[in-house]
Amino acid sequence: YIMNIEKRQWTEARDALKAEYKLTPSRFDILHEVGKTSIMLRDYATARICFDSALSAMHRVGLDIVRHDYLYIGSAYEKTGDPGKAAYYIREFKSYADNDLTMYKDLNLAMYYLYMGDKRKGLDLITRFAEQQDNFNYLVLLCSEDPDLGELKNDPAFRSAMDKIS
């Protein structure tokens, strides 16, 4: 799975996750990852189904461990025609990002503002993250693959920030 993600082989990554989930269907974290890889494939309907099931299982056992991914979840709901749930998860992601005490706060806020269409604020935050952080999880590099960023991926300021991160 990780090797496929490193190579941006989203279909293969999702297939590996699905195979693992079949072996351990109680692993809602794996199902959640299937949802995230589905987002990367722009398969929002599958992502929504996975997120619905994973969130339901997490809430049954009193866990809320994917707040850092609520923007993805909100995006899946938005793209599949549920603006109410989309707004809820996007709002919750913003709250999470505002209160984030980790080194990823600026990156999380940048992704929120970019998603919301505030290009300048998002680019300022992602540039600051790129300039101030140099020891982070390599999965941060995947934010440049986020399909919700659309044409922003070609923006010189965004590319410059991503070049600094990589």
Side-chain angles (χ1 to χ4, degrees), residues 1-100 102-117 122 126 129 136-153 158 162 165:
Y1 160 69
I2 295 295
M3 290 183 341
N4 287 320
I5 285 190
E6 287 175 344
K7 296 175 188 173
R8 274 85 164 159
Q9 296 173 332
W10 304 115
T11 301
E12 293 83 353
R14 183 169 68 175
D15 290 346
L17 286 165
K18 284 180 174 181
E20 184 63 27
Y21 183 69
K22 282 184 181 180
L23 297 174
T24 54
S26 63
R27 294 278 311 271
F28 52 77
D29 58 319
I30 294 173
L31 187 57
H32 175 75
E33 292 296 320
V34 173
K36 285 173 42 179
T37 56
S38 295
I39 291 280
M40 300 310 256
L41 290 165
R42 293 175 173 80
D43 183 356
Y44 298 101
T46 298
R48 179 183 175 151
I49 291 166
C50 292
F51 291 147
D52 279 342
S53 296
L55 289 166
S56 177
M58 282 183 234
H59 292 148
R60 274 196 306 275
V61 295
L63 295 175
D64 186 12
I65 58 173
V66 295
R67 292 189 73 213
H68 60 282
D69 285 332
Y70 275 7
L71 192 60
Y72 284 123
I73 294 168
S75 173
Y77 284 117
E78 182 179 348
K79 300 280 194 303
T80 57
D82 193 335
K85 279 189 176 179
Y88 170 79
Y89 283 104
I90 292 167
R91 188 173 51 251
E92 288 297 307
F93 178 80
K94 175 65 165 63
S95 175
Y96 164 80
D98 284 339
N99 296 295
D100 188 356
T102 73
M103 64 187 277
Y104 300 103
K105 179 174 185 155
D106 284 344
L107 182 62
N108 285 325
L109 286 169
M111 296 306 287
Y112 169 80
Y113 286 112
L114 292 170
Y115 183 84
M116 297 305 289
I126 204 164
F129 174 82
F136 48 81
N137 185 312
Y138 75 93
L139 291 174
V140 165
L141 299 173
L142 298 179
C143 72
S144 66
E145 301 288 317
D146 190 324
D148 287 327
L149 294 180
E151 290 303 310
L152 181 65
K153 296 177 201 177
F158 182 78
M162 291 312 299
I165 290 172

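- Side-chain atoms of Y96 and D69 include no donor-acceptor pair closer than 3.5 Å.
- Using a 4.5 Å heavy-atom cutoff, the side chains of Y70 and I90 are not in contact.
- Of the inter-residue distances, the one linking L41 atom CG with T46 atom OG1 reads 9.0 Å to the nearest 0.5 angstrom.
- Sorted by first and then second residue, the salt bridge (Lys or Arg N to Asp or Glu O under 4.0 Å) pairs involving residues 86-100 (not counting sequence neighbours) are R67-E92, K94-D98.
- Looking at residues two or more places apart in sequence or on another chain, you find a side-chain contact (heavy atoms from CB on, under 4.5 Å) between A110 and L125, I126.
- Remark: D15 pairs with T11 by the side-chain contact (heavy atoms from CB on, under 4.5 Å) rule, at least two apart or across chains.
- Taking NE2 of H68 as the start and CE of M111 as the end, the distance is 13.0 Å to the nearest 0.5 Å.
- Across every non-hydrogen atom of A86 and G74, the tightest pair is CB-O, 3.3 Å.
- Considering only heavy atoms from C-beta on, I73 stays 4.5 Å or farther from Y88 through its side chain.
- With sequence neighbours excluded, the residues satisfying side-chain hydrogen bond (donor to acceptor under 3.5 Å, both in side chains) with D106 are R128.
- Among residues two or more places apart in sequence or in another chain, the side-chain hydrogen bond (donor to acceptor under 3.5 Å, both in side chains) test is passed with T80 by R48.
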Between N108 and Y113, is the side chain to side chain donor-acceptor pair (under 3.5 Å) condition met? List the steps. CA-CA 9 Å; N108 285 325; Y113 286 112; over 6 Å; no
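- When the ring-ring contact (aromatic ring centres under 6.0 Å, His included) test is applied to Y112, no partner is found at least two apart in sequence or on another chain.
- In this view, A54 and F28, L31, H32, M58 satisfy the side-chain contact (heavy atoms from CB on, under 4.5 Å) rule, not counting sequence neighbours.
- Legend: residues meeting ring-ring contact (aromatic ring centres under 6.0 Å, His included) with F93, ordered by chain and number and at least two apart, are absent.
- Judged as a side-chain hydrogen bond (donor to acceptor under 3.5 Å, both in side chains), and not counting sequence neighbours, the contacts of S56 are R60.
- In this structure the side chain of Y89 never reaches within 4.5 angstrom of the side chain of Y72, judged on heavy atoms.
- Minimum heavy-atom separation, G35 to A47: O-CB, 3.4 Å.
- Within the 4.5 Å cutoff, no side-chain heavy atoms of P83 are placed close to those of E78.
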Distance-only criterion, 3.5 Å: show the donor-acceptor pairs between side-chain atoms of residues 17-24 and protein atoms not counting sequence neighbours.
unit_1	atom_1	unit_2	atom_2	d
Y21	OH	P25	O	3.1
T24	OG1	E20	O	3.1

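- Using a 4.5 Å cut-off on side-chain heavy atoms (C-beta onward), S75 and Y115 make contact.
- Between atom NZ of residue K105 and atom CE of residue M103 there is a gap of 14.5 Å, rounded to the nearest 0.5 Å.
- Taking K85 as the reference, nothing meets the side-chain hydrogen bond (donor to acceptor under 3.5 Å, both in side chains) condition, with sequence neighbours excluded.
- With hydrogens and angles disregarded, a donor-acceptor distance shorter than 3.5 Å links the side chain of T37 to the backbone of V34.
- Under the 4.5 Å side-chain criterion, counting only non-hydrogen atoms from C-beta, L55 is in contact with V66.
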